[in-house]
There are 2 protein chains.
Amino acid sequence: MSIGQVADRTGLSIHTLRFYEHEGILANPVHRDLGGRRVYSEDDVEWLTLCTVLRASGMPLPAIRQYTELVRQGAGNEEQRLTVLRHHHERVTAQMGRLSKSLDLISYKIRVYEDIVGHGAPGDRCNAPSRPPDADRADPG
Amino acid sequence: MSIGQVADRTGLSIHTLRFYEHEGILANPVHRDLGGRRVYSEDDVEWLTLCTVLRASGMPLPAIRQYTELVRQGAGNEEQRLTVLRHHHERVTAQMGRLSKSLDLISYKIRVYEDIVGHGAPGDRCNAPSRPPDADRADPG
DNA sequence: GCTTGACCTAGAGCCGACTCTAGGGCCTAG
DNA sequence: CTAGGCCCTAGAGTCGGCTCTAGGTCAAGC
């Protein structure tokens, strides 16, 4: 599979694929054809797909590289892989917690503004926000 | 309140506070004392606290600035504020969805490795993963 | 009168993660 | 035999979001 095809399949750009390889993010070094062009295997694509999931969940490239190296070393270091994965699991759950808390505040603010906008505008304005409106003021006082 | 005190209370660095002001992230321009030093009000701190929540949930600075400007303009643009907030709400829920999907995969991989490690190691190894182990291989085949 | 410490401005530097450029190779079709 | 398309490398540039530096002001304490 050529780099262009892999770019299409993974959603990563050609630039990014080369960049990842340079950063040591590929489990086995990519094969080359006679002309020196990259030839990707199905496994490479699978691995890259995993990497995009890890990236999408905020794992930094150094951590992915570390995990990649463990996998490259082969069996015997599963404990270490677990450590990396658990660390990331924690990072993601923490981030989801933060997001969820933020979302509460954002939702609350939306309700407040909906209530403000609702007064005078057509539509249902029967369900008041659960707390008194304290939307943002430019000049409080 | 001095910039140092605000830094302590918000968790933002002094540098960042000045940077945010420069970026137009403060609803009302910060007051200065006779010596030209920033004097923050309680409202400023509240606003900054809101901003940290928005930042923590991934709202980009330009969007925060936009929202800030709407608030600065005063009453009358609540619909626009709602648009900004709803947009961000969507962004956050989308991100949480992505994280949740990623977390599923990460959790699955952790279970797989726990199963691998469990064989031969002391401890409970009675609950097998729900799918056959297909942990990462360095050299598949 | 000198030091210390908190603050000021303008602007440079840094970091992570890409993203793009310059300059070139190789193959195929017209 | 040349144009187009896809690929190559090395390295520079970009972007968002800080973070820090240089050089200076001001007030309090010794």
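Protein chains get the first letters and strands the later ones, always in sequence-line order, with residue 1 at the start of each. This is a predicted model, so every value here is computed, not measured.
- Taking the 5' to 3' direction, DNA chain C first and last meets chain A under 4.0 angstrom from a heavy atom at C:dA17 to C:dC26.
- When the side-chain nitrogen and oxygen atoms of A:Arg37 are compared with OP1 and OP2 of D:dC6, none of them lie within a distance under 4.0 Å.
- Here the rule is side-chain hydrogen bond (donor to acceptor under 3.5 Å, both in side chains) with A:Asn77, and of A:Gln73, A:Gln80, A:Glu79 only A:Gln73 fits it.
- A distance-only check finds no donor-acceptor pair linking the side chain of B:Glu69 to the backbone of B:Gln66 [under 3.5 Å].
- Residue B:Gly35 is classed as having no contact, given no heavy-atom separation below 4.0 Å to the nucleic acid.
- For the atom pair CD of B:Glu90 and CG of B:Leu85, the computed distance is 12.5 Å after rounding to the nearest 0.5 Å.
- Atom OH in B:Tyr67 sits 8.0 Å away from atom CE in B:Met59 (nearest 0.5 Å).
- Using a 4.0 Å cutoff on non-hydrogen atoms, the parts of residues 8-24 of chain B near DNA chain C are B:Ile14, B:Arg18, ordered by number.
- Not one N or O on the side chain of A:Gln95 forms a donor-acceptor pair closer than 3.5 Å with the backbone of A:Thr93.
- The pair B:Glu42-B:Arg9 meets the salt-bridge criterion, since a charged nitrogen lies less than 4.0 angstrom from a carboxylate oxygen.
- Side-chain nitrogen and oxygen atoms of A:Ser2 include at least one within less than 4.0 Å of the OP1 or OP2 phosphate oxygen of D:dC7.
- Rounded to an integer number of Å, the gap from A:Arg32 CZ to D:dC6 C1' is 14 Å.
- Going from atom OG of A:Ser102 over to atom CE of B:Met96 covers 9.5 Å, rounded to the nearest 0.5 Å.
- Non-hydrogen atoms lying under 4.0 Å from DNA chain C are contributed by nothing in residues 50-65 of chain B.
- Summarising the geometry, atom CZ belonging to B:Arg55 is positioned 13.0 Å from atom CG belonging to B:Leu48; distances are rounded to the nearest 0.5 Å.
- Taking CG of B:Asp115 as the reference point, atom CD1 of B:Ile110 lies at 13.5 Å (rounded to 0.5 Å).
- Between B:Tyr113 and the options A:Glu78, A:Arg86, A:Arg81, a side-chain hydrogen bond (donor to acceptor under 3.5 Å, both in side chains) holds for only A:Arg81.
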